[in-house]
Amino acid sequence: MSKKKRHGRRPAAASAKPRKQSIEFVARPFAGLPAEEDLVAMAQIIPAATATVRLTEEYGGKQIQLVTLLPEFVQGLKRSDGEVLVAMQTSMHSGDASRDVAAAALATLELPEGQALRTDGLPEPGPRLQDILDTSEAPVVSVRETFDFWIDPQAGAGDAQARQVIEEAIERAKEEIAPTRPVPGVEHAYWCRPGTKEFVRWVRGEDEDEFFNAFARIHAARESDLEEGARFVGAFRANGLAIPVWELVPGTEADELTKPLQAMGKRLEAALADASPLSPEVRRAKAGIISRQVNL
């Protein structure tokens, strides 16, 4: 006689963990913030910089530092004196850079003093920089030549070894930093020298399509070079903004670009004000510019 099969009940499945809510992609994440262009520059093209911002009273009202990069790509750092540093350039990308930075800022505020924020997962929907920052105050951006802002000036003698590690990391990183400086008298324009060549990159605040229409008019008129020998080489797209790039005459310094960029600014103003339909020549110029775009 065959044995009867036993049909025991399967144990009840463990209740599934609630699925994390994903964040919708935001093409222009810093829109509406003062100095949006400089925040995009810090997130995308400036190697080393800091920006002082203030939180709203709802989130404590204190000043914090937005910085380009922190050691080991940590998202935030709370110094021994309570000062909070939050990185714009990290390995965490949810699709909304504003939410990413805001989430890191709020989490870093809750850390014990002297600790760094290291998170593996992406944040869920929540407050963005537009919600937590006092937008009545524009960020005070400071471009640096090194990552000296990594050093905690209030660290005690017991942290001497950790300080030495940071200083060594700064020295190593310094060799990889392309010298970068703001162009005097021209907002959101940054000169840089990667290797043996000089370039200027200008973060524009217009709607992308409006900018490319206007710049195509300039390019079709053969007026897109800054000056003789300083040629337009293409444009980046970063966080919803356009960043045209010019390769400069060898040896050009940042302070020599003020007048050429101001003149280009006037040409752009005139082109942006031109509401006439794009001519075939301008359309071809725009197609050529678009085809060379690089998304950052």
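What you see is a predicted model, and the numbers here were worked out from it, not measured in a lab.
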> Which ILVMFWY residues can you reach from Leu278 by hopping between side chains whose heavy atoms are under 4.5 Å apart?
Replying inline: Val282

> Taking 4.0 angstrom as the limit, do Asp209 and Lys286 come out as a salt bridge?
Replying inline: yes

> Taking C-beta and beyond as the side chain, do Leu241 and Arg204 meet within less than 4.5 Å on heavy atoms?
Replying inline: no

> According to the ring-ring contact (aromatic ring centres under 6.0 Å, His included) rule, which pairs have a member within residues 187-215, sequence neighbours left out?
Replying inline: Phe211-Phe215, Phe215-Phe232

>> Ser94: which residues meet the side chain to side chain donor-acceptor pair (under 3.5 Å) condition with it, sequence neighbours left out?
In response: Asp100

> Where the side chain of Gln89 meets the backbone of Ala48, is there a donor-acceptor pair that is under 3.5 Å apart?
Replying inline: no

>> Using salt bridge (Lys or Arg N to Asp or Glu O under 4.0 Å), reason through Arg193 and Glu198 one step at a time and then give a plain yes or no.
In response: CA-CA 4 Å; Arg193 180 180 284 138; Glu198 291 84 18; 2.7 Å; yes

> Apart from Val74 itself, what residues make up its hydrophobic cluster when side-chain heavy atoms of I, L, V, M, F, W and Y under 4.5 Å apart count as a link, directly or indirectly?
Replying inline: Val67, Leu69, Leu70, Phe73, Leu77, Leu85, Phe147, Phe149, Trp150, Ile151, Ile166, Ile170, Ile177

> Does a side-chain heavy-atom distance below 4.5 Å link Val203 with Ile45?
Replying inline: yes

> Looking at residues at least two apart in the chain, or sitting in another chain, which of them share a side chain to side chain contact (heavy atoms under 4.5 Å, CB included) with Val141?
Replying inline: Asp38, Met42, Ala51, Pro139

>> If we ignore hydrogens and angles and just use 3.5 Å, is the side chain of Arg99 paired with the main-chain N or O of Pro127 as donor and acceptor?
In response: yes

>> So, using salt bridge (Lys or Arg N to Asp or Glu O under 4.0 Å) as the criterion, who are the partners of Asp148 when residues are at least two apart?
In response: Arg144

>> Arg201: which residues meet the salt bridge (Lys or Arg N to Asp or Glu O under 4.0 Å) condition with it, sequence neighbours left out?
In response: none

>> Among residues at least two apart in sequence or on other chains, which ones pass salt bridge (Lys or Arg N to Asp or Glu O under 4.0 Å) with Glu36?
In response: Arg28

>> Taking Val140 as the starting point, is it possible to reach Ile132 by hopping between hydrophobic residues whose side chains are less than 4.5 Å apart?
In response: no

> Atom CG in Leu133, atom CG in Leu33: separation rounded to 0.5 Å?
Replying inline: 6.0 Å

> Restricting to pairs with a member in residues 260-272, which pass side-chain hydrogen bond (donor to acceptor under 3.5 Å, both in side chains), not counting sequence neighbours?
Replying inline: none

> Just by modelled atom types, is the Arg128 backbone N or O under 3.5 Å from a matching donor or acceptor in the Asp131 side chain?
Replying inline: yes

>> Could you check whether Ser98 and Asp96, counting side-chain N and O atoms only, form a donor-acceptor pair closer than 3.5 Å?
In response: no

>> Just so I know, are the side chains of Leu39 and Val101 near enough to count as touching, which here means a heavy-atom distance under 4.5 Å?
In response: no

> So Thr108 and Gln75, side chain to side chain contact (heavy atoms under 4.5 Å, CB included) or not? Walk me through it.
Replying inline: CA-CA 8 Å; Thr108 305; Gln75 289 92 14; 5.8 Å; no

> Do Leu226 and Val200 have side-chain heavy atoms sitting under 4.5 Å apart?
Replying inline: yes

> What side-chain hydrogen bond (donor to acceptor under 3.5 Å, both in side chains) pairs are there with at least one residue in residues 55-68, not counting sequence neighbours?
Replying inline: Thr52-Gln65

>> Taking side chain to side chain contact (heavy atoms under 4.5 Å, CB included) as the definition, give me every residue that meets it alongside Val233, ordered by chain and number, with sequence neighbours left out.
In response: Arg231, Val245, Glu247

>> Let me confirm one number: the CG-CG distance from Leu109 to Leu55, rounded to the nearest 0.5 Å.
In response: 6.0 Å

> Is the closest side-chain heavy-atom distance between Pro153 and Glu83 below 4.5 Å?
Replying inline: no

>> Going by the rule salt bridge (Lys or Arg N to Asp or Glu O under 4.0 Å), which residues pair with Glu110 if we only count those two or more places apart in sequence or in a different chain?
In response: none

